[in-house]
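Given the structure is predicted, the values throughout are model-derived calculations rather than measurements.
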Amino acid sequence: MAKQYIEKGLLVPDHVITRLMLLELENRRDQHWLLDGFPRTLVQAEALDKICELDLVITLNIPFETLKDRLSRRWIHPPSGRVYNPDFNPPHVHGVDDITGEPLVQQEDDRPEAVAARLRQYKEVAKPVIELYKSRGVLHQFSGTETNKIWPYVYTLFSNKITPIQSKEAY
């Protein structure tokens with residue numbers, strides 16, 4: 001159901017994504033987990049509040065033009081979901097998947113005009129969520145344009161806030 005919206009470049013409605021996420025999280029109650037891109041709206045955040053309390057929320061402040069440029073240059077191998085970008089993860093051969101040799105495609109929602117519309121829509125709905133977590137004291141914001149410059153700060157935050165989990169192999 002979510003795929004129908006994504007393929008049209010639309011955000012997945014709250015009732016669809018919330019139901020999917022909460023069901024998955026309920027099945028993982030006894031595990032540690034990291035959410036990426038959820039919750040995106042206040043309705044989603046309120047639903048998440050009913051099943052857990054978040055320890056840490058991170059938001060990345062990346063300039064609109066940087067996001068638009070990156071997303072507009074994304075190419076995908078549909079059968080596998082592998083993602084390529086000519087700037088920082090280019091395929092070995094332009095337009096071709098590295099593993100299968102099949103053609104890469106640019107999805108409709110990755111075209112510049114669709115990306116711009118999606119980013120504007122996201123900014124509007126995400127602002128109240130950011131304010132909610134900021135008011136609770138769990139929000140940490142990072143700004144920049146390059147992953148390799150932002151990541152060390154995010155990693156340090158994780159390292160200081162979250163107790164490392166040992167794998168069962170370590171016992």
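Using a 4.5 Å cut-off on side-chain heavy atoms (C-beta onward), Asp55 and Val138 make no contact. The shortest side-chain heavy-atom distance between Leu139 and Ile130 falls under the 4.5 Å cut-off. Between Leu25 and Leu35 the shortest side-chain heavy-atom distance falls below 4.5 Å. In this structure, the side chains of Lys161 and His140 come closer than 4.5 Å at one or more pairs of heavy atoms. Residues Met21 and Leu48 are not in side-chain contact: their nearest non-hydrogen atoms beyond the backbone lie 4.5 Å or more apart. Inter-residue side-chain proximity for Glu65 and Thr145 is flagged as unmet; no heavy-atom pair is nearer than 4.5 Å. Considering only heavy atoms from C-beta on, Thr100 stays 4.5 Å or farther from Ser80 through its side chain.
Other residues, nucleotides and ligands contribute at most 12 non-hydrogen atoms within 6.0 Å of the CD atom of Glu53. Counted within 6.0 Å of CZ on Phe64, heavy atoms from surrounding residues, nucleotides or ligands total more than 12; the atom is thus considered enclosed.
The cluster map of Ile, Leu, Val, Met, Phe, Trp and Tyr, joined by side-chain heavy atoms under 4.5 Å apart, puts Tyr122 and Phe38 in different clusters. Cluster annotation: Ile17 and Leu23 are assigned to distinct hydrophobic clusters (Ile/Leu/Val/Met/Phe/Trp/Tyr, side-chain heavy-atom contacts under 4.5 Å, transitive). Hydrophobic clustering places Val115 together with Leu60 (ILVMFWY residues linked when any side-chain heavy atoms are closer than 4.5 Å, directly or through intermediates). Linking ILVMFWY side-chain heavy atoms closer than 4.5 Å, directly or via other members, places Leu67 and Tyr84 in two distinct hydrophobic clusters. In the hydrophobic clustering of this structure, Leu71 does not group with Trp75; members are Ile, Leu, Val, Met, Phe, Trp, Tyr whose side-chain heavy atoms approach within less than 4.5 Å, directly or through other members.
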Query - Verdict with reasoning, Tyr133 to Thr59, per side chain to side chain contact (heavy atoms under 4.5 Å, CB included) - result: CA-CA 10 Å; Tyr133 293 128; Thr59 186; over 6 Å; no

Report task. Evaluate side chain to side chain contact (heavy atoms under 4.5 Å, CB included) for Thr41 paired with Thr18, printing each intermediate quantity in order. Result -> CA-CA 10 Å; Thr41 69; Thr18 301; 5.8 Å; no

Query raised in the report: Passes side chain to side chain contact (heavy atoms under 4.5 Å, CB included), Glu24 versus Leu20? Steps please.
Result: CA-CA 6 Å; Glu24 197 59 39; Leu20 173 71; 5.7 Å; no

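Here the CG-OG1 distance, from Asn61 to Thr66, works out to 12.0 Å after rounding to the nearest 0.5 Å. Atoms CG and CG, on Leu56 and Asn160 in that order, are 11.0 Å from each other to the nearest 0.5 Å. Between Gln121 atom CD and Glu124 atom CD the span is 7.5 Å, to the nearest 0.5 Å. Atom CD of Glu146 and atom CD1 of Ile62 lie 11.0 Å apart (nearest 0.5 Å). Of the inter-residue distances, the one linking Leu119 atom CG with Lys68 atom NZ reads 9.0 Å to the nearest 0.5 angstrom.
A side-chain donor-acceptor contact under 3.5 Å links Ser135 to the backbone of Leu132. With Gln106 contributing its side chain and Ser72 its backbone, the two residues share a donor-acceptor pair below 3.5 Å.
Among all heavy-atom pairs drawn from Ile150 and Ser143, the shortest one is CG1-O, 3.9 Å. In plain terms, the two heavy atoms of Pro91 and Leu104 that are nearest each other are CG-CD1, 3.9 Å. Summarising the geometry of Ala47 relative to Leu22, their closest heavy-atom pair is CB-CD1, 3.8 Å, with the distance given to 0.1 Å. Shown here for Pro78 and Val105, the closest heavy-atom pair between the two residues is CG-CG2, 3.4 Å. When all heavy atoms of Arg74 and Asn85 are compared, the closest pair comes out as N-ND2, 4.3 Å. Smallest separation of non-hydrogen atoms from Pro90 and Asp98: O-OD2, 4.4 Å.
Remark: Arg70 is positioned above the aromatic ring of Phe88, its terminal NZ or CZ atom under 6.0 angstrom from the ring centre and at most 45 degrees off the axis.
When each of Gln44, Arg19, Arg40 is tested with Asp14 by the rule side-chain hydrogen bond (donor to acceptor under 3.5 Å, both in side chains), just one qualifies, namely Gln44.
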